[in-house]
Every structure is written in structure tokens, then in C-alpha cells.
Amino acid sequence: MTAAVEKFAALSNPGYRTYLIGQSLANTGTWMQSIAQDWLVLRLTHSAFAVGLVMTLQFLPTMLLGVHGGQLADRYPRRRILLTTQSINAVLTGLLALLTAAGAVRVAHLYLFALLSGLVLAVDAPARQAFVNDVVPPGLLRGAVSLNAAVFQTTRLVGPAIAGLLMGTVGTGWVFALNALCYAGPTIGLLRLPSVSPARPTTHTPGALRSTARYVADRPHVARTILLVGIVGTFGLNFPIVLTAMATDTFGGGAGIYAVFNVMLAIGSVTGALLAATWSHTRLRLIVLAGAAFGVSQFAAAVAPGLGLFLVLLVAMGLTNLAFQAMANSSVQLWSDPRLRGRIMGLYMLVFTGGTPIGAPIIGALTSHFGARLGMSVCGAVPAVAAVLLAANHTLRHRPA
């Protein structure tokens with residue numbers, strides 16, 4: 001099977017097609033809400049630090065509970081878990097829509113919403129990552145993961161455009177309301193799945209985090225990949241903080257230009273996710289190279305003198321970031337024991353999103369005090385340096401004696 005055909009082979013699976021259609025609708029709503037929430041926080045507080053605090057509250061539960069959420073994904077039917085999390089998210093988003101439409105929303109409500117949705121995410125994310133294994137056979141996993149990422153980023157083209165239109169016409173509350181309705185997509189999709197082959201439930205194992213960490217530590221290629229994923233997630237992906245500040249402070253724009261920034265990232269991201277799917281076998285070296293390229297492109301964007309070059313570099317950032325993420329995600333899953341995959345992906349999500357409570361306040365403070373360009377420069381420099389050091393360490397360890 002050629003790489004180009006293999007990339008789309010997962011679409012031949014009826015269950016995966018149904019699942020993907022539902023997720024595409026939900027992802028559109030997610031990007032709509034992300035734009036609206038970031039901009040609403042900035043409008044209420046005029047503070048990049050407040051945007052960072054929202055991100056901290058949203059991802060703090062993953063840092064504390066991510067592996068335990070992965071253990072739930074290994075013990076209980078993942079479809080049932082996802083149906084539950086989608087329903088809770090719909091209710092939370094609906095309540096936020098009512099508050100916003102009534103003009104009663106305060107930044108404290110957004111902080112609470114971020115924390116509650118973060119608790120849901122800690123359970124939802126590892127189950128969602130591992131659920132793909134229940135829908136497609138192992139031979140189609142890499143292509144399915146890359147297609148998931150491509151669809152997720154394609155909706156990033158649509159979501160911000162819809163959010164920008166609604167925010168400029170009928171108000172932010174309607175963005176949240178439409179997102180609440182979008183959760184019907186994955187719910188119906190999960191209920192309509194013809195059949196899945198769930199992983200065999202495992203028994204409860206005390207010390208889940210320690211045992212999972214030992215398993216990863218015994219496999220250096222998995223450990224190094226997850227380490228770099230954590231560094232990129234902690235410092236490199238603070239887009240809501242730096243891009244809102246770049247839109248308002250550096251380029252003197254508003255919600256419209258912030259939406260354009262997200263569209264440009266999405267154009268590159270779709271390309272990167274599809275490109276990653278063309279490699280049937282990914283080596284650690286290629287993953288590290290993609291991580292380094294993402295850091296360098298973000299640093300270059302931070303110092304770009306004009307808006308035109310900045311937009312081009314956003315496309316490069318999206319491409320390298322999603323190539324890195326898609327290769328790292330699928331490789332860690334394929335390198336892991338299927339019986340432990342939920343917990344491994346729980347650890348993966350812990351370091352990927354759980355580092356946000358550490359990185360977001362730092363980047364938010366730097367951006368607030370020293371400007372958007374410096375904050376974004378740090379977001380690019382740290383992953384680039386980490387990738388170089390990781391590559392050097394890997395080379396030294398594998399140099400012939």
C-alpha cells in the first residue's frame with residue numbers, strides 16, 4: 001500500500017467514518033468557543049495574564065488527574081465515557097451561553113467554567129485518544145490519528161470564521177450556544193457506531209502513575225518523545241496568550257485579525273497533519289526535527305517586522321506543530337502495549353496539556369510586562385533548544401564506543 005493510499009485507508013472503516021463525522025462537528029464548536037472565550041476574557045480584563053490564568057485552570061486537572069483518567073479509559077467502556085463527557089460539556093457550555101447572552105457573565109464565571117471543563121477534559125482526553133484503537137485495526141492507526149488531526153485543524157478554518165461572524169453580529173453568547181448544540185454531533189456519532197472492539201478491561205492497579213512512568217522509562221524512545229511533547233505543550237502552545245496580544249498590541253487589530261491568525265495556523269496545521277500521515281514508519285529523529293522546526297518558526301514569527309511575513313510564518317508554525325504532534329501521538333500509541341494504552345495516553349496528555357498551568361502564567365506574565373514579541377519569542381526558543389539538547393543526548397548515547 002502506498003503512503004498516499006495508506007493515509008486515507010482508515011476511511012474505508014464504516015465505524016471510523018461515523019466517528020470522524022461526529023468529531024468534525026464537535027471540533028468546529030470547540031474552535032468557535034476557544035476564540036470567543038479568549039476574546040471575552042481579554043475584553044473583560046484587558047490582561048494577557050488573565051487569559052493565561054484561564055488556560056491554567058482549564059488544564060490544571062489534567063496535570064493532577066490525567067493518568068487516573070487514563071486508568072478509567074483502560075477499565076471501562078470508552079464509548080460510555082465519551083458519551084458522558086460530551087453530555088456534561090453540553091450542559092456547561094449551555095449555562096455559559098445563557099450567562100453571556102443575558103449580559104451577566106463575569107470573569108469569575110469564566111474561571112469556574114474553565115476549571116469544570118478541565119475536570120471533564122482530564123477524563124475525556126485519554127479515552128478519546130485511546131478510543132481510535134477500538135474503531136480501527138492497528139495497521140490503520142497511524143493514518144487514523146493523522147486524519148483526526150487533519151480534520152481537527154480543518155475545523156479550525158471554519159470555527160474561527162463562524163465565531164468572528166457571530167461575535168460581530170449577534171454577540172458572543174450565541175457562539176457558546178451554537179457550541180452546546182455542536183456536542184450533539186459526537187453524541188449521535190457514538191450512538192450510531194455499528195460495533196467497536198473495546199480493549200479488554202484491566203483491573204485496578206495501585207500506583208498507576210508510578211507503574212506507567214516505569215513502563216515509559218524502560219523505553220527511551222517513548223520517554224524522549226513524551227518529554228519533548230511536554231516541553232512543547234508547556235511553553236510552545238500558548239497561542240491564546242501571545243496571539244491575542246500580537247493582534248491587539250503589536251498589529252493594532254481586534255477580534256477579526258485574531259480569527260485570521262487562527263485560520264493561518266489551521267492552513268499549515270492541515271498540511272502538517274496530512275504530511276505526517278505519509279510516513280508509515282516514524283523515527284525519533286524525525287519527531288525531534290519537527291519539534292525543533294516548530295520552535296524556530298515561532299521564534300521567527302515573534303520577531304517578524306510586518307504582518308504579511310508574520311502570517312506566512314504562522315502557516316509554517318501550524319505545519320511543523322501538527323506534523324510533530326501527529327507523529328508523536330501515533331508513534332507513542334504504536335510503541336505501547338495495547339493493555340496499557342489508555343494509561344500511557346493519560347500520561348501523554350498529562351505532560352502535553354498538564355504543563356499549561358506552569359507555562360501559561362509564565363508566558364502571560366512575560367507578555368503583560370515585556371510585550372507580545374518577547375512572550376512569543378520564549379514560546380519558540382524553549383522548544384527549539386530542548387529539541388537540540390534531546391537530539392544531542394540521543395546521538396551521544398547511540399555513538400559507537
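Heavy atoms only: backbone and side chains are in, while hydrogens, waters and symmetry mates are out. Residue indices begin at 1 and follow the sequence shown. What you see is a predicted model, and the numbers here were worked out from it, not measured in a lab.
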Nearest atoms (heavy-atom pairs only) where [X] meets [Y]:
X	Y	value
N179	Q33	ND2-OE1, 2.6 Å
T56	A360	OG1-CB, 3.8 Å
G159	M32	O-CG, 3.3 Å
G15	V135	C-CG1, 3.5 Å
I81	L72	CD1-O, 3.6 Å
A48	I241	O-CG2, 4.1 Å

Would you say that [X] contacts [Y] through its side chain, given a criterion of any heavy-atom pair below 4.5 Å between the two side chains?
X	Y	answer
T225	S331	no
Y258	V263	no
Q37	V175	no
F113	V54	no
L237	Q325	yes
L44	R106	no
L42	D38	no
I88	D124	no

Say you draw a straight line from [atom1] of [X] to [atom2] of [Y]; how long is it, rounded to the nearest 0.5 Å?
X	Y	atom1	atom2	value
L284	M327	CG	CE	10.5 Å
Y215	R219	OH	CZ	4.0 Å
I35	T244	CD1	OG1	10.0 Å
M246	I257	CE	CD1	9.5 Å
I188	T18	CD1	OG1	12.0 Å
L181	L178	CG	CG	6.0 Å

Can you tell me if [X] uses its side chain to pair, donor with acceptor, with the backbone of [Y] under 3.5 Å?
X	Y	value
T367	G364	no
R80	Y76	no
S24	I21	yes
S368	A365	no
T93	A90	no
N238	F235	yes
S34	T30	no
R17	L11	yes
N13	Y16	yes

Give me each pair satisfying ring pair (Phe, Tyr, Trp, His ring centres under 6.0 Å) with a member in residues 321-345, each pair once, sequence neighbours excluded.
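Those involving residues 321-345 are H221-W335.
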Any chance you could lay out the side chain to side chain contact (heavy atoms under 4.5 Å, CB included) test for V216 and V332, step after step, and finish with the verdict?
CA-CA 10 Å; V216 170; V332 168; over 6 Å; no
(Q) Consider salt bridge (Lys or Arg N to Asp or Glu O under 4.0 Å). Of R78, R79, R128, which one does D134 pass it with? (A)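 That would be R78; it is the only one of R78, R79, R128 passing the salt bridge (Lys or Arg N to Asp or Glu O under 4.0 Å) with D134.
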Determine all donor-acceptor pairs shorter than 3.5 Å in which one atom belongs to a side chain in residues 290-314; sequence neighbours excluded.
from, atom 1, to, atom 2, distance (Å)
S297, OG, A293, O, 3.1
S297, OG, F294, O, 2.9
Q298, NE2, G236, O, 3.0

Would you sort out whether F261 and F239 count as a ring-ring contact (aromatic ring centres under 6.0 Å, His included), showing the intermediate values? CA-CA 10 Å; F261 288 173; F239 297 151; over 10 Å; no
Would L227 and V351 count as a side chain to side chain contact (heavy atoms under 4.5 Å, CB included) if you check the C-alpha gap in whole Å, the side-chain angles of each, and the deciding distance to 0.1 Å?
CA-CA 8 Å; L227 174 62; V351 300; over 6 Å; no
- Task: Evaluate the criterion side chain to side chain contact (heavy atoms under 4.5 Å, CB included) for residue pair L116 and Y111; output intermediate values, then yes/no.
- Result: CA-CA 9 Å; L116 293 176; Y111 290 155; over 6 Å; no
Trace of the side chain to side chain contact (heavy atoms under 4.5 Å, CB included) decision for F131 with L190:
CA-CA 11 Å; F131 185 67; L190 288 166; 3.8 Å; yes
